[in-house]
Amino acid sequence: MRSNGARPKKAKILVAGHFAAGKTTFLRTLTESLLDTEKKIKHEEEKKVKETTTVAMDFTELITDDGTKLHIFGIPGQERFSFMWPILAKNTAGIIYVLDSTDEKYWYQLFQQINMFRKISPDAVFIFAANKQDLPDALSVEEIRKKMKLPDWVKVVPLVALDRESVMNAIKTLLEEIERKKAAAGTA
Ligand SMILES: Nc1nc2c(ncn2[C@@H]2O[C@H](COP(=O)(O)OP(=O)(O)OP(=O)(O)O)[C@@H](O)[C@H]2O)c(=O)[nH]1
Ligand SMILES: [Mg+2]
């Protein structure tokens, strides 16, 4: 119970992004008891990339230092499971679009997701997270920004989804962006 009578803050955030970007890894780094829906991949092309894929969602909760309770959902990256995207996107305060900095093959899927999420949650704040920065062939944030033609106002953070500090930095950046937007709208 809070002594000042203020209600604890809550927020729903989404970890979105293309196939094999590292969304499930991101959530798994945050918790030992991840609710996941991993299934074996049957399609030959994707099987070359990895063995399992998210078919519905990942979920965990996180309480931040200021007491905000975050409900964090990871989306399935593959378009064949995109029926889950509108379900997961409802009432989302913010979205982290994770991409694989070492492989541009699936980046186009991000733009499909952005278009869809903009329609369902037009007020959701979003940032990009350039994942797999621990790998030697990872493009830098600046290179990715240029290749994707991202405007200056879009935040892009470097990410190693295997590293808790890096994951927490991405979440912190998103929460700061959400607060900034609220302050600008006079609703903080
Ligand atoms: N080196 C390195 N590998 C990573 C990192 N993040 C994820 N991976 C690897 O990338 C692969 C894909 O990770 P997932 O977390 O399953 O990707 P996903 O985005 O959840 O994929 P879908 O749910 O199938 O769309 C796995 O082999 C991970 O171990 C990272 O920061 N560094
Ligand atoms: Mg996944």
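Note that ligands are numbered from 1 as they come in the structure, with each ligand's atoms numbered from 1 the same way.
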Check ligand 1 against the protein and report each N/O to N/O distance under 3.5 Å, formatted as atom name, atom name, distance.
residue: ligand 1; atom: 1 (N); partner: D134; partner atom: OD2; Å: 3.0
residue: ligand 1; atom: 6 (N); partner: N131; partner atom: ND2; Å: 3.0
residue: ligand 1; atom: 10 (O); partner: K132; partner atom: NZ; Å: 2.9
residue: ligand 1; atom: 13 (O); partner: T25; partner atom: OG1; Å: 3.4
residue: ligand 1; atom: 15 (O); partner: T24; partner atom: N; Å: 3.4
residue: ligand 1; atom: 15 (O); partner: T25; partner atom: N; Å: 2.8
residue: ligand 1; atom: 15 (O); partner: T25; partner atom: OG1; Å: 2.5
residue: ligand 1; atom: 16 (O); partner: K50; partner atom: NZ; Å: 2.7
residue: ligand 1; atom: 17 (O); partner: G22; partner atom: N; Å: 3.2
residue: ligand 1; atom: 19 (O); partner: A21; partner atom: N; Å: 3.1
residue: ligand 1; atom: 19 (O); partner: G22; partner atom: N; Å: 2.9
residue: ligand 1; atom: 19 (O); partner: K23; partner atom: N; Å: 2.9
residue: ligand 1; atom: 19 (O); partner: K23; partner atom: NZ; Å: 2.7
residue: ligand 1; atom: 20 (O); partner: T24; partner atom: N; Å: 2.9
residue: ligand 1; atom: 20 (O); partner: T24; partner atom: OG1; Å: 2.9
residue: ligand 1; atom: 21 (O); partner: A20; partner atom: N; Å: 3.1
residue: ligand 1; atom: 21 (O); partner: K50; partner atom: NZ; Å: 2.9
residue: ligand 1; atom: 23 (O); partner: T54; partner atom: N; Å: 3.3
residue: ligand 1; atom: 23 (O); partner: T54; partner atom: OG1; Å: 2.9
residue: ligand 1; atom: 24 (O); partner: K50; partner atom: NZ; Å: 2.8
residue: ligand 1; atom: 24 (O); partner: T53; partner atom: OG1; Å: 2.5
residue: ligand 1; atom: 25 (O); partner: A20; partner atom: N; Å: 3.4
residue: ligand 1; atom: 25 (O); partner: K23; partner atom: NZ; Å: 2.8
residue: ligand 1; atom: 25 (O); partner: G77; partner atom: N; Å: 3.2
residue: ligand 1; atom: 31 (O); partner: N131; partner atom: OD1; Å: 3.0
residue: ligand 1; atom: 31 (O); partner: A161; partner atom: N; Å: 2.9
residue: ligand 1; atom: 32 (N); partner: D134; partner atom: OD1; Å: 2.8
residue: ligand 1; atom: 32 (N); partner: D134; partner atom: OD2; Å: 3.4

dist H71:NE2 -> L14:CG (nearest 0.5 Å) comes out at 13.0 Å
Here the gap from Q133 atom CD to L159 atom CG, rounded to the nearest 0.5 Å, amounts to 8.0 Å
To the nearest 0.5 Å, atom NZ of K47 lies from atom CD of E51 at 8.5 Å
With side-chain contact (heavy atoms from CB on, under 4.5 Å) as the test, pick out the partner of V156 among T173, V141, L99.
V141
Counting distance only, does the side-chain N/O of T31 pair as donor-acceptor with the main-chain N or O of R28 below 3.5 Å?
no
Tell me, which protein N/O/S atoms are under 2.8 Å away from the Mg ion (ligand 2)?
T24 OG1, T54 OG1
Of all heavy-atom pairs linking I75 and G17, the shortest is CD1-N, 4.1 Å
Any sub-3.5 Å donor-acceptor pair from T29's side-chain atoms to A161's backbone N or O?
yes
First locate atom CD1 of I72, then atom NZ of K12, and finally report the distance between them rounded to the nearest 0.5 Å.
12.5 Å
Does any donor atom in the side chain of T54 or E38 lie under 3.5 Å from an acceptor atom in the other side chain?
yes
